[in-house]
Structure formats: C-alpha cells, structure tokens
K.L.:
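Handing you this structure, nothing more for now.
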Amino acid sequence: MIAILGTLASGSALAQQPVLNVMPLPANVQTGSGQLTIDAKFSLALTGYTEARLDRSAQRFERQLARETGLVFAQEPQATAKSGATKTEAPAATLLIHTAHAGQPIQELGEDESYTLEITAAGAKLNAETPLGTMHGLQTFLQLVAVTPQGFAAPALTIQDKPRFPWRGLMIDSARHFIPMELLKRNLDGMEAVKMNVFHWHLSENQGFRVESKKFPKLHELGSDGLYYSQEEVRELIEYARDRGIRVVPEFDVPGHSTAWFVGYPELASGPGPYEIERRWGIFDPAFDPTSEKTYKFLNELFGEMAKLFPDHFFHVGGDEVNGKEWDANPKIKAFMQANGLKNNEALQSYFNKKLQAIIAKHGKSMVGWDEVLAPDLPHDIVIQSWRGQESLAAAAKQGFRGILSNGYYLDLGWSAARHYAVDPMSGAAATLSPQEQLRILGGESCMWSEYVNAENVDSRIWPRNAAIAERLWSPQNVTDVPSMYARMDAESVRLAWLGLTHKTYYAQMLQRIAGPATPQELAALRTLADVVEPVKDYAREQLATTEPTSATPLHRVVDAVSLESDDARHFGVLVDKYLAASCKDDDVGAELRNELLRWRDNDPALESLAQKTFLVKEVVPVSQDLATLGKIGVAAMDYLILGSQAPAVWKTDQTALLAELAKPKAQLLLVPLSSVQKLVDAAGVGSACASK
Ligand code: ACM
C-alpha cells in the first residue's frame, strides 16, 4: 500500500505516478510501506566527501525542518572536521548522507546534480555524486515531511532523481526597479527549494547601471541614483548562490537599453547627448557607437573587470531591442556602414556582436545574448536566449548554437501557472530537431522584468508561479498533469513562505494601506473584490495607462496589490467544472457556488462606503459594480440549474452580452471568474444536459 501524505493530487497522468507532495516531481519514485517518524530525536550525518558548504547546507536544512514542524531538535548537524576530508565511518543518524566527491570550484553547466533518496521506517539515506545532488536531495526530503495522525513523518520510498535540463534559471531585473540584497537572497532560497540553478542578474538598463565599477565609477555614480550593488555585495551574493547550488550569470545589456551608461560616458553613444537616466518604460534610442574603437576599448576594460567579479563561465550581453534610430541619424555611422558593406542595422549589430564575442572570449567566457544576436556567421560558442518566440530556439540549435528558452516564461506578463507549465522547451519547432540538435537546448529561464514590481510586491510576482516553471525544467517531459501541479504548487507556496518569501504576507499589508480607516466589514469587502481580480495581461497595462508610468510612479494601487493569479477564481472555476461534469446534480457544490455568487452580488455597498474614505479604493468602484452584476448573473444561472429548469434563449443571449461588457478591463483589472460564470449561463440555457437534469 502506498503511504500517501500531504496534499493529494488527482488527474490522469498520476494514475501511473505516485502521489507525492514534491515539486518538482522527481524523475523516478518507488513507494514503500510505512513512514519515517520525524521528532525531536531527528539527526543527520554527512559522510563521504565533506566541505563547509555541505555543513552549511545541513544546518539550513535543520533550521527549515524546525520551522516547518515547530520541533526543537536535540542534535545539531554533525560538523565535518575540515574541507575536503573524507568521512568513512557511518554514524547512526536518522538521515545519513553520502556525497561521493567534490563539485567544480566554480559551478559548471552540466555538473552532476543527481541524487538518490531512500526512506524506510527505520531511517533515510541520501546519496549523491556531488554536493549539488546532496543539496537537491535535502530539499526533496524537506518537502516530504508532513503532519500525520501519528506526528510528523516522511513516507517510505526510494527516489532516483536528476534534472531534465542543465540550465534552469530565474532572471531578475534589478535595473528598472532596484531590488535590495536581502530580497535577492530570499529569492535564491526559493530557487534552491525548487531546484533552479541559474540566477540571471539583469544589472544594467536605460533606467540604471547597478554595479559598482572601479574602472569606470561614473557608471554607478551617475547612472544609478545611488542604488547599486557594491563589488563586495556582488561577491557576497555569488557566494550565497553557490551555497545553494546556483550559478550567477550577470547581464550587461548592450548596445541598446543603455541610456544610464551614457550619463557618465556620453562619448560612447551614437547620439550627441547629453543623457539622463531614463524614467519611462519602453524602447529608447540611445545606443553604443559600434563604429568607434573607443566603444570596444571601454567594453573590453569594463567586461574584463566584471568577468573577474562574476566567476561564472557565461556572460550575458543583452543585445535586444535596438531601434537603430541613433545609428540612422549619425552620418559618421552611415558612412562606416557604406564603407564596410554593412547593408542595414542588423548587419551593423552583427558586426558589433562579433567584436564583442571576441572580447568576452578573451576574458575566458562564453557570450549569452537575447535572440536578436542570432546570426549564422557568429562563433557557435554563443548561447541564444529566446524571448520573442520559440522558433528562434530551434533555429539557433539548427545553426549549431546552444539555447535557452524564456518565451512563455515571462513572469511579468501575468500568465497563470498552468499556461507557463504548458510551455516546453522541446515543443513547437524544437520537436523536429535531431537528437544532436536537441542537446543544444540547455533549458530555460523565467524572467521577472521590473517595470511594475518593487521591493514590496516582487516576491508575489515571482512566487509561487515560478515553481511551475522550475518543475517544467527539472521533471520528465511527461509530467504535465495540471491539477497535480496546482495541488503541489499550493503546498510549496506555504513552504516558500517559511523561507521568508513575502508572496503571501505582502497582500494583507498592501490592502491595509489601500483601505486606510476601513471598518472590518469594509476591509472584508475590499478583500472579496481583490481576491477575484487580476491585473490585465501581457503588455496591456501600458496600453491602458491614462498617464505615462515612470520609475517614480507609486506601485500602491489595487492592481499592484492583487495576485497575478487569483486563487479564489481558480478554485471557483474548478468547482464550476466539477458541478457541470456531474450534470448539476451535486447539490452541495451547487449551494457552495451559489453562496459565493451571493457574496459577490452583495459586496458593493460596503466597498462603495470605503471608497468615500480612500482614493485608492475609489478607482475600483466600477470593478466592484461589475462584480455585483457578475454575482447577480451567476445567482440567476444557479437558480435555473438548481431547479433543473431551462433558461429562455433570450435570457442566455442577454446575459452573454452583459458578460462581454464586464470583460472590458477597468482600473487595469480583469474580473477573473467571468469565464466560469459564462459556463453556468451556457449550462442553464436550452439544450444543455443540466437544463434537463
Ligand atoms: C526582452 O524582453 N527585451 C529581452
């Protein structure tokens, strides 16, 4: 019999898979019988290859286990004598860990990250080739511990696990909005929990140059408003990441996205200047002068400095969204292009990239660029990061380049976890690649662009949805069951909060600010509304703005506070599907749906009363009125369905038209349960199974 603990997941794919509360799901699981009790006597021992990093990892593990269980452990993890020592004796411990050998001194792409974890009622064994596998196995163990009627326990099982892709990244844009160190650190903790292994640090933009340069201090002094990372902080973060099995890839975006560089060094630009730090969002004209030797001398020196600061083998140079306007307007550049047979701006950027690649290679690194840099005559050492479409990933692999996928993984676009989850690096054009070409697809990265995030809400824009992308990149390709993913993501979200991520706690705080002097009833009304709306998707926020947003625009509105994926709306949708699948015969579910719809219908008076007191609520009054209408339509549909009577055709047509009106965003918000209410309206209409139950 399978010992099932934690959140149960359902779904067809899981018919063959054991139900485990682990995310990402391991490659191989054999379930056993019984469970391993976790109590105050729990102990852990490290054997085989040892180093201080593994000791710290074990200490973190115990701290996290103590947080999640509330237990007080009698024994500290057994510390190793000295780095590199091999422990051969096998001490008695609840969790016995064996690491075979050291990892690379600078973590490398494709290092062995595998581990096996065997849990029986008598004890647990974790074996790994390298410290990376050990760290991943510890995270799996943490996820397996759950409360049971007998106490805390982990189920008996054997796991053999390894990642599907070697490059599993999260990119954070620290440039548009500065993201403080402690916040980056807790996101690295989150990455470790879901086994992501690359932190791509977007460090320069039109809006800021965020790293201290000792060679060119005007970059951070004049280009950052004083918001930058010192070199000491960078080293600290890299070490913090290494401790968690995470590589740090820096990005310095050139030749576009570079206005902030030119505040201190206008002579490098293609335009006449002077330049100021950009405050708006979008694509702007300033670009490096690719025809000037000054540019290459400067980039060689700066990237030499940064290549030493960032030990990773990969170095990202951006290369995206160069609009070419400064190049077009500069006669010297036009003449250079003519003299050198460069037919257009793409050819000019290719010329720039070739010289840049040589600089990066000279400093011992491989260059990474966004898909705009893809050109057949570039050295194949370059890695292409595909953001504009999945096709460029396949095109790159066909031409001999390695690639990583980010198209489909942009966290800032507000997609659901399920939508990200459905994007596979090997699908679409990549599915037709030869086995050798497929090997060039290294994995993917989620991207957190920061126009609409700041220190207050950024965790909530990354988590928990990022866990679904982490699973896509780690687990076997056939792990695709969406209900299972959500069940495990919800559980993981709770654990991520134990790590200190604020994706759950920020919400109450932001709503409290918005609500100001609200009565409890008014605050509840704001919460009811906020729980079922989401910000508009993709880039609609820019399109719907009434005044141009800038880096000085406060992010304190309802649209900044609400979740990018509404849990309430998702649960309502699941319930509607369940009700309809049972031909509307489940009266308990019917009553639950109707009650929820009544709550929405009757929410507006308290919300409108609060709107008199705070301007931040005032703008959502029309959304609240729409929610009341939605509730009213839904209640009417439920009344037909519960009674089993058919709604007249004209009723269905009228309600559908009304719902179409409600679909128009207001205050940059979408009323998410709308599509589920439409399903109820459809079901109530003539000819449906429910209408004649
Ligand atoms: C990008 O989103 N411009 C890489």
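The analysis underlying the following values was restricted to heavy atoms, covering all of them including side chains, and did not include hydrogens, waters or symmetry mates. Note that ligands are numbered from 1 as they come in the structure, with each ligand's atoms numbered from 1 the same way.
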K.L.:
Heavy-atom contacts with Glu321 under 4.0 Å: which atoms of ligand 1 show up? List them by number with element.
P.N.:
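Taking each heavy atom of Glu321 in turn, ligand 1 has 3 (N) under 4.0 Å.
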
K.L.:
Could you check Gln385, Glu251, His257 and say which one makes a side chain to side chain donor-acceptor pair (under 3.5 Å) with Trp370?
P.N.:
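Of the listed residues Gln385, Glu251, His257, the side chain to side chain donor-acceptor pair (under 3.5 Å) partner of Trp370 is Glu251.
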
K.L.:
If you apply the rule ring pair (Phe, Tyr, Trp, His ring centres under 6.0 Å), what do you find for His177 with Trp281, and how did you get there?
P.N.:
CA-CA 11 Å; His177 276 104; Trp281 312 133; 5.5 Å; yes

K.L.:
Does the ring center of Phe336 lie less than 6.0 Å from the ring center of Tyr351?
P.N.:
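Yes, ring centres under 6.0 Å apart.
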
K.L.:
Which of the atoms of ligand 1 are close to Asp320, meaning less than 4.0 Å from one of its heavy atoms?
P.N.:
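Every atom of ligand 1 under 4.0 Å from some heavy atom of Asp320: 1 (C), 3 (N), 4 (C).
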
K.L.:
Could you tell me if Lys365 sits above the aromatic ring of Phe315, with its cationic atom closer than 6.0 Å to the ring centre and no more than 45 degrees from the axis?
P.N.:
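Verdict for Phe315: no cation-pi partner in Lys365.
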
K.L.:
What's the shortest distance from atom 2 (O) of ligand 1 to any protein heavy atom, and which residue and atom give it?
P.N.:
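Ranking protein heavy atoms by distance from atom 2 (O) of ligand 1, first comes Tyr410 OH, 2.6 Å.
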
K.L.:
Short list, please: which atoms of ligand 1 are under 4.0 Å from a heavy atom of Trp449?
P.N.:
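Per the distance check, 1 (C), 2 (O), 4 (C).
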
